[in-house]
Amino acid sequence: MYDPRNVEGKWYQFWEEQGFFHVEPDDPGEVFSVVIPPPNVTGSLHMGHALNVTLQDVLVRWRRMQGRLTVWVPGTDHAGIATQHVVEEMLAREGTDRRSLGREAFVERVWQWKERYGGIITRQLRRLGASCDWRRERFTMDEGLSRAVRQVFVDLYERGLIYQGNYIVNWCPTCATTLSDIEVEHEERDGKLYHIRYPLLGGDGYITVATTRPETMLGDTAVAVHPEDKRYEHLVGRYVVLPLVNREIPIIADDMVDPDFGTGAVKVTPAHDPNDFEMGQRHNLEQVQVIGLDARMTKEAGPYAGMDRYECRKALVRDLEAKGFLVKVEDHRHAVGQCYRCDTVVEPLVSKQWFVRMKPLAAPAIEAVKDGRVRFVPERFAKNYLHWMENIRDWCISRQLWWGHRIPVWTCQRCDHQFAAADDPAFCPNCGSEDLEQDPDVLDTWFSSALWPFSTLGWPEHTKDLERFYPTSVLVTGFDIIYFWVARMIFMGLYFMHKEPFRHVLIHGLVRDALGRKMSKSLGNGVDPLEVIEEYGADALRFTLVTGIAPGNDTRYQPEKVEASRNFCNKIWNAARFAMMNLQDYTPDGTDLRSLPLNLHDRWILSRLEWAAAEINRHLERFDLGEGARTLYDFVWSELCDWYIELIKPRLYGRAGEESRCTAQAVLWHVLETTLRLMHPYLPFLSEEIWQHLHRVTGTPLPVPSVMVASWPAPAGFRDEAAEEEMQALIEIVRGIRNVRAEKQVEPGRQITAILQAPGSRRGMLEEAVPYIQALARVGAVTFIDEAAPAPEQAVAIIAGGVQVHLPLAGLVDIEQEVARLEKELAETAQQLAAVNARLNNEGFVSKAPEHVVQRERQRQQELAEKERLLRQRLAELRS
RNA sequence: GCGGGAUUAACUCAACUGGCAGAGUGCUUCCCUUACAAGGAAGAAGUUCCGGGUUCGAGUCCCGGGUCCCGCACCA
């Protein structure tokens with residue numbers, strides 16, 4: 001039984017020590033380069049990583065074997081909020097917090113933490129077999145990448161593409177920082193719609209507004225209606241008195257108001273709602289901030305000051321009701337924005353933040369995808385990308401955190417001059433003062449990861465790596481970060497490198513649990529890949545993750561699937577053991593296999609192997625890793641193991657003479673060795689273990705030190721259609737006999753006799769195959785009779801592969817049963833034949849279908865007609 | 001509201017440019033046959049969600065509908 005535990009670690013260490021993962025930019029060859037989506041330093045490997053990394057590793061190992069100059073750049077992301085949280089929690093356990101530590105000391109603690117735990121995930125990637133070039137490992141906060149971040153910031157700042165402004169942003173009160181638009185998740189929730197009466201100034205009536213957030217009314221600075229709304233036309237321009245607050249605010253008309261929603265009149269709170277903010281700008285409305293950074297009411301909220309926003313809502317509604325302003329409260333389902341990190345309801349508020357002006361950056365990034373310089377696989381994701389890019393808003397990049405790239409902007413405390421600088425400045429370039437203050441905020445983590453494809457290669461230095469490996473060949477990532485990351489890499493890459501950062505984006509789905517649920521900490525349904533590796537091996541996990549997946553689609557993790565993969569590994573292991581047992585006295589001597597007296601099944605397996613190799617290659621080219629895996633599986637199990645190995649057993653045991661034995665050995669060696677290379681991208685450890693053994697056992701010097709640097713199988717002209725057709729017939733005959741044995745319940749050990757009636761075209765093949773039919777179908781004597789001869793008595797007839805096989809089974813043959821069986825088969829055959837005939841008699845089909853399709857149908861027609869003829873003949877004999 | 005997926009054997013999923021609907025698991029029967037019981041042999045199992053259409057031919061393309069899922073959106 002194969003035990004991966006004793007195998008995997010050893011080979012990974014060997015590969016890494018031998019430097020097989022590493023290449024130099026000066027090395028020759030067409031480039032295949034990949035950058036890993038950097039996992040969070042705080043993270044540990046989950047199934048999503050495992051899938052993502054396996055896909056990359058399969059592609060990388062395959063291309064490397066193909067001879068491409070292949071580099072896979074690994075690294076980790078500093079993950080601002082997540083990492084800061086982790087360290088803050090640690091501090092909390094120590095009974096302290098970051099504020100008592102102070103900024104510098106806190107950042108120092110985070111670095112310590114990173115040094116200590118940051119390596120966990122990269123070690124886990126090694127366990128999976130990831131063939132990353134670890135000498136190129138980077139971290140988004142290391143010196144080089146920080147330099148790149150500063151350079152980019154300064155550049156964009158100086159070109160006016162980064163600006164600072166007072167705008168409405170998303171604020172997470174728990175994380176105490178702003179969030180970009182995409183970091184806010186909208187979730188439908190049951191809420192209430194409050195209808196509140198706002199009295200007109202002058203006391204001659206009122207206007208009723210509807211809101212889901214009554215507490216924000218304290219910050220209302222207008223009421224808006226649609227300009228064409230007849231109901232309110234006469235009120236536009238008048239004022240209302242804000243209840244409880246007694247502020248006089250105008251009634252304005254704005255297109256944004258939907259007359260059909262609520263009462264058609266909307267309260268406007270420019271300081272706490274993005275739409276209201278815009279409306280406020282259009283109408284020059286005052287902003288009154290009534291909710292603070294701590295999600296408590298500010299002093300602007302008067303009597304409500306200090307209350308939490310939800311407490312305030314309750315109190316306010318009570319007061320409105322008491323004073324008769326509340327008209328009604330309706331149930332209302334609406335989307336509430338929540339922080340993607342901590343699920344806290346986000347508070348929109350106005351503050352001074354840094355933004356990236358997106359329109360000019362987005363335009364080329366849209367073009368690059370539209371004209372196919374960047375291709376999404378599957379293509380449909382391009383649509384999402386384009387839609388988002390085309391409707392993009394400016395990107396809020398400042399975060400009120402301490403862990404991250406600090407914004408490289410300084411303000412002179414003497415002359416107020418503000419400037420960005422790549423290097424920490426000693427004095428103000430304007431007035432020379434040394435009294436400078438740096439902006440306290442840090443950048444959105446995604447700002448640095450947006451640079452990843454070129455910053456990891458050395459930018460802003462003009463390195464050889466950058467020149468050789470950029471643009472990268474393919475980016476492999478999940479659909480969930482297309483906006484966060486992929487889109488941003490594309491515009492940054494185009495802007496700073498003038499070239500798209502990658503040619504293909506391979507998108508994969510989520511790994512869900514066995515019930516189809518998202519794996520999550522709160523559900524506790526996550527499966528730890530490391531535990532799976534411990535139990536089943538990395539190869540089994542890898543194979544599981546890539547089998548049966550289609551690009552972009554989610555997959556479910558089911559333990560049975562890993563078992564199936566583990567079994568596959570074991571199957572290969574046992575087949576290899578068998579092969580090696582029988583190859584101990586064999587050493588490949590470079591003889592061309594074609595010069596050997598090849599048997600039918602030799603030619604067949606060589607042909608099938610070559611077909612499988614071409615097929616796997618084709619699937620990999622198309623990023624169809626799942627189909628490639630399936631092809632490999634089917635070839636190894638259903639062809640190599642089930643048939644070829646069984647067929648050569650008599651030969652290997654010397655029953656067909658020494659020459660036949662040597663030939664079988666030569667073919668077996670070749671097929672196994674080639675198959676190991678074919679499987680290596682999927683099953684790196686197992687293939688290496690066997691490949692090394694195989695060479696040692698057969699005393700073959702290694703052509704290269706490892707299968708991972710061996711060459712990818714290339715076509716060698718072994719395709720043989722005739723052999724495949726004949727072998728197919730032989731398989732059908734063997735199966736036919738086995739089937740009859742099972743149906744007639746012939747004892748497994750009992751040998752039976754077979755009498756063959758075959759056309760001349762099959763005669764040679766069958767005569768050669770006699771010993772194999774005997775071995776595989778447990779047949780004793782095999783005799784041939786003339787095609788025209790009458791069928792033997794008391795025999796069951798099988799019509800398969802264009803051949804009649806008679807099995808005399810005295811005592812087991814019931815004529816009536818036999819007639820019934822053959823009639824059933826005849827009916828099926830006749831039906832199939834009728835369908836084929838109908839197709840071929842159809843003028844349209846013959847004239848319009850491609851030649852090879854018509855040809856195949858003709859072939860089939862012939863076979864079916866022959867089968868039908870033989871069945872009828874046999875039935876007639878039985879009935880006479 | 002707009003967009004996108006999914007829908008195929010009991011379960012989980014494949015099926016490239018339209019060309020004989022396939023695997024794995026499970027199920028039934030038999031077998032410890034000198035690589036492998038994590039195995040071998042044989043077998044049962046399908047209205048490809050429904051209804052139209054295009055086509056010689058549709059799981060695949062088009063139109064309409066059902067169910068489930070996911071994005072995006074300024075319904076306060």
Side-chain angles (χ1 to χ4, degrees), chain A residues 1-2 182 186 193-194 209-213 216 224 256-258 260-263 265-269 273-279 332-335 378 380-381 383-384 387-388 391 479-480 482-483 509-510 514 516 536 547-550 552-556 558 560-561 563-582 615 618-619 622 624 626-627 630 633-634 637-638 641-642 645-646 649 653 735 738-743 745-749 775-778 832 835-836 838-840 842-850 852-854 856-857 860:
Chain A
M1 221 172 278
Y2 176 59
I182 46 178
H186 294 272
L193 188 61
Y194 301 86
V209 300
T211 181
T212 55
R213 300 199 57 197
T216 62
M256 193 182 275
V257 180
D258 175 3
D260 297 325
F261 186 87
T263 61
V266 57
K267 57 190 266 326
V268 183
T269 322
D273 182 280
N275 298 315
D276 293 4
F277 176 82
E278 284 176 27
M279 226 188 282
H332 179 63
R333 233 183 127 65
H334 62 132
R380 63 185 139 93
F381 290 101
K383 211 167 184 173
N384 292 354
H387 181 261
W388 186 73
N391 297 285
F479 61 78
D480 48 334
I482 290 177
Y483 308 139
L510 260 41
Y536 298 99
T547 302
I549 60 159
N553 288 9
D554 289 352
T555 178
R556 294 189 195 196
Q558 290 169 303
E560 311 90 81
K561 287 194 200 167
E563 278 177 34
S565 302
R566 186 265 321 255
N567 293 354
F568 180 49
C569 292
N570 194 41
K571 183 77 180 177
I572 294 167
W573 175 249
N574 282 310
R577 261 182 46 220
F578 169 82
M580 290 187 284
M581 271 160 56
N582 289 283
E615 194 69 1
R618 192 173 65 90
H619 287 308
R622 304 166 31 87
D624 236 331
E627 283 297 288
R630 176 192 306 275
Y633 186 97
D634 289 344
W637 204 310
S638 314
C641 292
D642 285 355
I645 288 182
E646 292 305 322
K649 277 181 181 172
Y653 301 155
R735 284 201 172 129
R738 285 169 172 172
N739 179 306
V740 168
R741 293 185 63 114
E743 265 185 25
Q745 304 192 339
V746 178
E747 305 90 275
L776 295 183
R778 299 229 152 203
Q832 288 169 14
V836 173
R839 205 166 298 169
L840 285 166
N842 184 329
E843 181 51 35
F845 176 74
V846 180
S847 59
K848 290 180 189 169
H852 72 275
V853 174
V854 177
R856 203 169 50 205
E857 288 300 306
R860 207 163 156 248

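On a predicted model such as this, the values are computed, not experimentally measured, just so you know. Below, read A as the first sequence line, B as the second, and so on, with proteins coming before strands; counting in each chain starts at 1.
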Touch class at under 4.0 angstrom, heavy-atom based, for N384(A) against every strand present: nothing
Below 4.0 Å: OP1/OP2 of rG4(B) and any side-chain N or O of K383(A): yes
Complementary nucleotide for rG39(B) - Watson-Crick or wobble, under 3.5 Å: rC31(B)
Proximity to the side chain of R380(A) - top-ranked nucleotide from rG4(B), rA38(B), rA14(B): rG4(B)
Touch class at under 4.0 angstrom, heavy-atom based, for H619(A) against every strand present: nothing
N or O in side chain of K649(A) less than 4.0 angstrom from rA35(B) OP1/OP2: yes
Integer angstrom distance from the P of rC16(B) to that of rG5(B): 15 Å
Given RNA chain B, 5'-ward residue of the pair P850(A) and E627(A), judged by closest heavy atom: E627(A)
I549(A) CD1 to rA15(B) C1', straight-line distance once rounded to whole Å: 15 Å
Short side-chain N/O contact to rA76(B) OP1/OP2 from H332(A), under 4.0 Å: yes
Closest nucleotide among rC36(B), rU25(B), rA76(B) to the N570(A) side chain: rC36(B)
Separation of rG71(B) P from I182(A) CD1 (nearest whole Å): 13 Å
Integer angstrom distance from the C1' of rU8(B) to that of rU67(B): 16 Å
From rC16(B), rC74(B), rA38(B), nucleotide with atom closest to N275(A) side chain: rC74(B)
Nearest to side-chain heavy atoms of R622(A), which nucleotide of rC72(B), rC16(B), rU12(B): rC16(B)
Touch class at under 4.0 angstrom, heavy-atom based, for Y194(A) against every strand present: nothing
Touch class at under 4.0 angstrom, heavy-atom based, for C641(A) against every strand present: base
rG59(B) - base-pair partner by Watson-Crick or wobble geometry, distances under 3.5 Å: none
Touch class at under 4.0 angstrom, heavy-atom based, for P274(A) against every strand present: nothing
Partner nucleotide, any strand, of rG71(B) [Watson-Crick/G-U, under 3.5 Å]: rC2(B)
Touch class at under 4.0 angstrom, heavy-atom based, for N739(A) against every strand present: sugar-phosphate
Non-hydrogen atoms of F578(A) and K649(A) that approach each other most closely: CZ-CG, 3.7 Å
Residue Y483(A), side-chain heavy atoms: nucleotide from rC31(B), rG24(B), rG71(B) that is nearest: rG71(B)
Between rG65(B) and rG3(B) - P atom distance, rounded Å: 12 Å
Test item: R738(A) side-chain N/O and L776(A) main-chain N/O as donor-acceptor pair under 3.5 Å: yes
Interatomic distance at P, rA45(B) relative to rC36(B), whole Å: 34 Å
Length of the CG-P vector between D276(A) and rC74(B), whole Å: 13 Å
Complementary nucleotide for rG46(B) - Watson-Crick or wobble, under 3.5 Å: none
Rounded distance in Å - CD (Q745(A)) to C1' (rA41(B)): 14 Å
Check: K561(A) side chain, T547(A) main-chain N or O, donor-acceptor pair, under 3.5 Å: no
Polar side-chain contact E646(A)-rA35(B) base: donor and acceptor under 3.5 Å: yes
Rounded distance in Å - CG (N553(A)) to C1' (rG71(B)): 15 Å
L510(A) backbone acceptor or donor facing D554(A) side chain under 3.5 Å: yes
Sugar-phosphate, base or nothing in reach of H852(A), heavy atoms under 4.0 Å: nothing
N or O in side chain of W637(A) less than 4.0 angstrom from rG40(B) OP1/OP2: yes
Sugar-phosphate, base or nothing in reach of F381(A), heavy atoms under 4.0 Å: nothing
Under 3.5 Å on both distances, the Watson-Crick or G-U partner of rA15(B): none
Audit row: V209(A), V266(A), side chain to side chain contact (heavy atoms under 4.5 Å, CB included) steps and yes/no: CA-CA 5 Å; V209(A) 300; V266(A) 57; 5.9 Å; no
Touch class at under 4.0 angstrom, heavy-atom based, for R213(A) against every strand present: nothing
N/O (side chain, Y653(A)) to phosphate O (OP1/OP2, rU33(B)) under 4.0 Å: no
Sugar-phosphate only, base, or nothing, as touched by Q832(A) at under 4.0 Å among non-hydrogen atoms: nothing
Euclidean distance, M279(A) CE relative to T269(A) OG1, rounded to 0.5 Å: 9.5 Å
Gap between atoms CZ and P, on R556(A) and rG24(B) respectively (whole Å): 20 Å
Touch class at under 4.0 angstrom, heavy-atom based, for A564(A) against every strand present: sugar-phosphate
Nearest-angstrom distance from the residue atom CZ of F845(A) to C1' of rG19(B): 7 Å
Base rC20(B) paired with R860(A) side chain (donor-acceptor, <3.5 Å): yes
Interatomic distance at C1', rA14(B) relative to rA23(B), whole Å: 7 Å
Lys NZ or Arg CZ of K571(A) over Y633(A) ring: under 6.0 Å, within 45°: no
R839(A) side chain to F845(A) backbone, donor-acceptor under 3.5 Å: no
Between R577(A) and N574(A): side-chain donor-acceptor atoms closer than 3.5 Å: yes
Sugar-phosphate, base or nothing in reach of V846(A), heavy atoms under 4.0 Å: nothing
Donor-acceptor contact below 3.5 Å, side chain R741(A) vs main chain R778(A): yes
N/O (side chain, R735(A)) to phosphate O (OP1/OP2, rA42(B)) under 4.0 Å: yes
R778(A) CZ - rG40(B) P separation (whole Å): 16 Å
Side-chain N,O (R738(A)) to OP1/OP2 (rA42(B)) below 4.0 Å: yes
Any R630(A) side-chain nitrogen or oxygen under 4.0 Å from OP1 or OP2 of rA15(B): no
Whole-angstrom distance between rU60(B) and rA21(B), as gauged at atom P: 13 Å
